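Report on the structure given below.
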2 protein chains.
Amino acid sequence: MPNPPTIKEIAKRLNLAASTVSRALHDHPRIGLRTRLKVQELARELQYEPNQTAIFFQQKKTFTLGIVLPELSEAFFSAAISGIEDTANKSNYMVLLGQSHDDTEREQKIVEIMKNHRVDGLLVSLAKNTVNYAHFEMLRKYNIPVVFFDRIPNMPDIHYVASNMESGTIQAVSLLLQRGHRVIGMINGPEKLIASQQRTTGYQKAMQQQRLKYDASLNVNADLTKEGTRNAMQQLLSHKRKVTAIVAFNDYVSQDAVQYAVEQGLEINKDITFVSYANLPISSYMAFPPLASVEQYPYLQGQKATEILLELLSGKLAADRYQQTVIDSRLVIAPGR
Amino acid sequence: MPNPPTIKEIAKRLNLAASTVSRALHDHPRIGLRTRLKVQELARELQYEPNQTAIFFQQKKTFTLGIVLPELSEAFFSAAISGIEDTANKSNYMVLLGQSHDDTEREQKIVEIMKNHRVDGLLVSLAKNTVNYAHFEMLRKYNIPVVFFDRIPNMPDIHYVASNMESGTIQAVSLLLQRGHRVIGMINGPEKLIASQQRTTGYQKAMQQQRLKYDASLNVNADLTKEGTRNAMQQLLSHKRKVTAIVAFNDYVSQDAVQYAVEQGLEINKDITFVSYANLPISSYMAFPPLASVEQYPYLQGQKATEILLELLSGKLAADRYQQTVIDSRLVIAPGR
DNA sequence: AATGACTGGACAAACGGTTGCGCAAATTTA
DNA sequence: TAAATTTGCGCAACCGTTTGTCCAGTCATT
């Protein structure tokens with residue numbers, strides 16, 4: 001009732017040294033069978049539970065992984081975190097959560113607190129406008145490994161897992177070309193994002209494969225807000241060539257874009273066709289789900305990133321051998337299309 | 001570079017006792033101004049950071065809150081967790097996450113691990129089929145307070161925050177009555193769920209207010225699966241009276257029900273009108289969003305539950321004065337309806 | 001019987017910080 | 001000027017566990 005039993009308590013009751021009890025509980029070979037059993041029995045009887053905070057302190061390890069990501073309410077991240085959690089739990093690690101809400105300052109603060117909490121390692125997906133990585137660089141000094149996933153920083157010498165948007169984009173654009181579209185608009189993300197660049201490259205390659213010429217003015221950068229999307233749509237719909245299909249940055253952007261198109265009196269899938277990224281589960285309920293969507297395997301990304309981090313922690317992987325895993329994205333065509 | 005500076009290190013350099021340094025850093029009044037400043041300056045210079053694990057150990061506190069909930073991918077919970085996190089962070093608490101995936105066994109295991117990790121308190125939303133609460137009762141022995149939210153156990157002497165579905169249901173049914181509907185079907189949840197009972201009561205009261213008679217055969221219990229919903233719809237549409245409006249258990253159920261109605265050749269919002277619960281952000285993208293939806297304030301619930309837990313921890317609230325907060329739900333009518 | 005090798009366990013330090021108590025010097029009070 | 005009080009700091013214990021080292025007894029070997 002009052003204080004939980006400690007190793008010392010057990011030692012006292014059995015007239016043993018604390019060290020002996022500790023070793024006995026760990027099945028250390030130097031402890032005789034008789035005493036070992038005696039100790040283990042009493043421990044069970046007293047419902048002894050090792051004080052983890054003491055162990056954390058002593059071992060300089062907390063068996064805790066910090067997760068920093070923008071928004072759990074985005075389906076991608078809530079799926080990713082399931083992959084992370086499941087993998088971490090398998091190795092008896094716990095998961096400390098922090099949402100940056102896409103705010104760099106908050107991201108910095110979270111990292112700071114997590115460092116102070118002495119997490120063993122960090123899994124990070126960047127806030128949308130983070131361009132300065134000092135708060136992550138700083139972790140090197142503390143030997144806290146970081147594995148980035150999905151939204152990764154644009155710098156060398158990091159561990160990361162990301163999906164390659166290029167392959168999915170090629171598939172997406174090719175599908176549209178195959179269905180006869182020739183003027184394809186792209187609502188891309190912020191220019192500096194690697195994911196945006198990959199989409200651009202994918203677009204270019206798909207056109208090239210068909211010996212078609214790539215028109216940069218059809219590829220507009222937006223900021224992923226509703227307003228930004230609407231502006232991008234306006235720009236595309238007033239293009240001198242008539243845009244008949246649009247590749248949207250993700251399913252959310254796609255929906256905003258669709259809404260705008262409908263407002264402009266366009267008929268979806270007739271006047272204009274949409275393809276996007278993410279493949280959200282809710283898209284089956286949507287008024288106008290995209291013709292196809294590029295699946296990014298969030299669960300798998302979370303799982304893979306965690307596996308890498310755990311191996312880094314166990315020393316199986318050297319910290320200076322940078323692990324960079326790319327998961328190919330894949331186009332999923334909506335059922336019945 | 002190698003090991004971070006400790007309090008002892010600072011003490012040695014300044015020829016002081018560790019205790020003096022500790023007190024100086026805490027602005028203890030018994031330490032002279034001169035030494036205090038000297039200490040603080042050197043600390044800054046060496047970039048001293050207190051070792052939190054040592055402090056956790058010493059203070060028997062971890063400034064960590066455990067969160068156990070069914071599924072982050074459900075919009076309700078990802079919103080709730082934001083409320084939890086924001087509130088916790090304000091008081092410098094961190095948040096340890098565990099998803100039960102609606103599996104009682106996993107829930108038990110998570111609670112056990114969190115107990116071992118010495119979380120200061122727990123925020124819990126039950127797995128759907130948890131009926132045995134021993135793993136939570138056990139926490140009393142360890143003086144770990146628990147605050148339940150949304151999905152709360154059916155027992156006395158607990159702290160909880162939950163929304164009252166009754167008020168929202170009254171508003172929902174009243175709205176339909178006001179718009180002329182007289183035969184209103186309800187797709188309710190499992191009978192034993194408190195939330196289902198509240199919906200029933202709300203339905204009855206709304207009818208009563210208008211001196212109308214409540215017809216129990218219009219209120220059918222379903223199991224929230226797609227199949228269950230379709231069966232319920234079939235039952236309602238074949239009712240001897242012609243059902244012109246339906247109150248669905250939540251937005252997901254609503255969508256399945258709408259789908260069924262469309263298949264049956266009914267025209268939504270003309271032949272039949274839907275109202276539901278949850279008020280999901282995605283509903284604005286849905287093909288046939290409900291006319292109105294009962295908002296349950298997930299962020300607020302998470303926030304409130306956390307506030308209670310923090311006050312319990314700070315001693316502002318006595319552990320045996322059970323805090324039971326009910327947040328009234330409220331009908332939100334879809335824009336333009 | 002003496003030497004050596006094991007066996008089983010005790011002792012103590014260490015992890016980093018906090019805190020009650022004691023004590024000398026400085027200052028105030030009577 | 002002596003006594004009382006305050007100021008400023010050091011000493012040491014403590015939180016619970018792990019781990020390197022040391023010691024005493026037991027056994028086997030020659």
Side-chain angles (χ1 to χ4, degrees), chain A residues 2-43 46-64 92 115-120 142-143, chain B residues 2-43 46-64 92 115-120 142-143:
Chain A
N3 341 28
T6 71
I7 238 173
K8 291 181 184 173
E9 176 69 20
I10 297 181
K12 196 177 295 174
R13 294 211 194 196
L14 294 175
N15 269 322
L16 289 174
S19 54
T20 305
V21 174
S22 171
R23 286 193 245 256
L25 290 173
H26 287 82
D27 283 322
H28 191 290
R30 302 281 315 250
I31 303 300
L33 183 61
R34 245 198 318 279
T35 35
R36 201 186 315 171
L37 291 179
K38 255 195 331 201
V39 168
Q40 296 183 351
E41 192 195 324
L42 183 58
L46 296 181
Q47 301 195 53
Y48 166 76
E49 301 273 359
N51 182 334
Q52 295 286 358
T53 63
I55 296 177
F56 294 163
F57 172 48
Q58 211 272 102
Q59 315 251 295
K60 299 169 182 301
K61 264 203 90 173
T62 59
F63 291 95
T64 303
N92 283 314
K115 183 202 73 190
N116 287 346
H117 264 248
R118 295 291 207 268
V119 295
D120 292 340
Y142 294 87
N143 275 319
Chain B
N3 343 30
T6 71
I7 237 173
K8 292 182 183 173
E9 175 69 20
I10 297 182
K12 196 178 295 173
R13 296 211 193 196
L14 294 175
N15 270 321
L16 289 174
S19 52
T20 305
V21 174
S22 171
R23 286 191 246 255
L25 291 173
H26 286 83
D27 283 322
H28 192 290
R30 303 291 307 256
I31 301 299
L33 183 60
R34 243 198 319 280
T35 35
R36 203 187 311 173
L37 291 179
K38 254 194 335 199
V39 168
Q40 297 182 350
E41 191 195 324
L42 184 57
L46 295 181
Q47 302 196 50
Y48 166 76
E49 301 273 1
N51 181 335
Q52 294 287 357
T53 64
I55 296 176
F56 294 163
F57 171 48
Q58 210 269 110
Q59 316 251 300
K60 297 169 182 303
K61 263 203 91 173
T62 59
F63 290 95
T64 303
N92 282 313
K115 184 202 72 190
N116 287 346
H117 264 246
R118 296 291 207 268
V119 295
D120 291 340
Y142 294 87
N143 275 319

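All values derive from a computational prediction rather than experimental measurement.
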Could you check how far [atom1] of [X] sits from [atom2] of [N], rounded to whole Å?
X     : N      : atom1 : atom2 : result
B/Q58 : C/dT19 : CD    : P     : 6 Å
A/N15 : C/dC11 : CG    : P     : 10 Å
A/K8  : C/dC11 : NZ    : C1'   : 13 Å
B/K60 : D/dC15 : NZ    : C1'   : 6 Å
A/H26 : D/dG20 : NE2   : P     : 13 Å
B/L14 : D/dG10 : CG    : P     : 10 Å
B/Q52 : D/dC15 : CD    : C1'   : 16 Å
A/D27 : C/dG9  : CG    : P     : 14 Å

Distance-only donor-acceptor test, [X] side-chain atoms vs [N] base atoms, 3.5 Å:
X     : N      : answer
B/S19 : D/dC9  : no
A/R23 : D/dG20 : yes
B/T53 : C/dC15 : no

Q.
Counting only heavy atoms from other residues, nucleotides and ligands, does the tally under 6.0 Å from NZ of B/K61 exceed 12?
A.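 Counting neighbours around NZ of B/K61, more than 12 heavy atoms of other residues, nucleotides or ligands fall under 6.0 Å, so yes.
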Q. Can B/F57 be classed as stacking with the base of D/dC15, given a centroid separation cut-off of 5.5 Å and a plane angle cut-off of 30°?
A.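 Answer is yes, a stack.
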Q: Might you work through the side chain to side chain contact (heavy atoms under 4.5 Å, CB included) test for A/V21 and A/L14, ending with a clear yes or no?
A: CA-CA 9 Å; A/V21 174; A/L14 294 175; 5.6 Å; no
Q: Report the nucleotide, chosen from C/dG8, C/dT18, D/dC9, that has the shortest atom-to-atom distance to any side-chain atom of A/R30.
A: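 Nearest to the side chain of A/R30 among the choices is C/dG8.
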Q.
Of the options C/dG17, D/dT17, D/dC9, whose atoms approach the side-chain atoms of A/P50 most closely?
A.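 Of the candidates, D/dT17 comes closest.
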(Q) Between A/F56 and A/F63, is there a side-chain heavy-atom distance shorter than 4.5 Å? (A)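 A side-chain contact exists here, since the closest heavy-atom pair is under 4.5 Å.
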Q: Please check the phosphate of D/dC9 (OP1 and OP2 only) for any side-chain N or O of B/T35 closer than 4.0 Å.
A: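 So the side chain of B/T35 is within the cut-off, an N or O lying under 4.0 Å from OP1 or OP2 of D/dC9.
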**Q.** Phosphate OP1/OP2 of C/dA10 contacted by A/T20 side-chain N/O (<4.0 Å)
**A.**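 For C/dA10, OP1/OP2 do have a side-chain N/O of A/T20 under 4.0 Å.
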Q. Any donor and acceptor pair, going by atom type alone, linking the side chain of A/T62 with main-chain N or O of A/R118 inside 3.5 Å?
A.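 Confirmed, A/T62 side chain pairs with A/R118 backbone.
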Q. Just by distance, do the side chain of A/R23 and the backbone of A/H28 share a donor-acceptor pair under 3.5 Å?
A.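 Not a single qualifying donor-acceptor pair exists.
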Q: Describe the nucleic acid contact of B/T6 in one word from base, sugar-phosphate, nothing, applying a heavy-atom distance below 4.0 Å.
A: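 The residue B/T6 makes sugar-phosphate contact but no base contact.
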Q) Across the strands shown, which category fits B/F56 at heavy-atom distances under 4.0 angstrom: base, sugar-phosphate, nothing? A)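 If one applies the 4.0 Å heavy-atom cut-off, B/F56 turns out to touch nothing in the nucleic acid.
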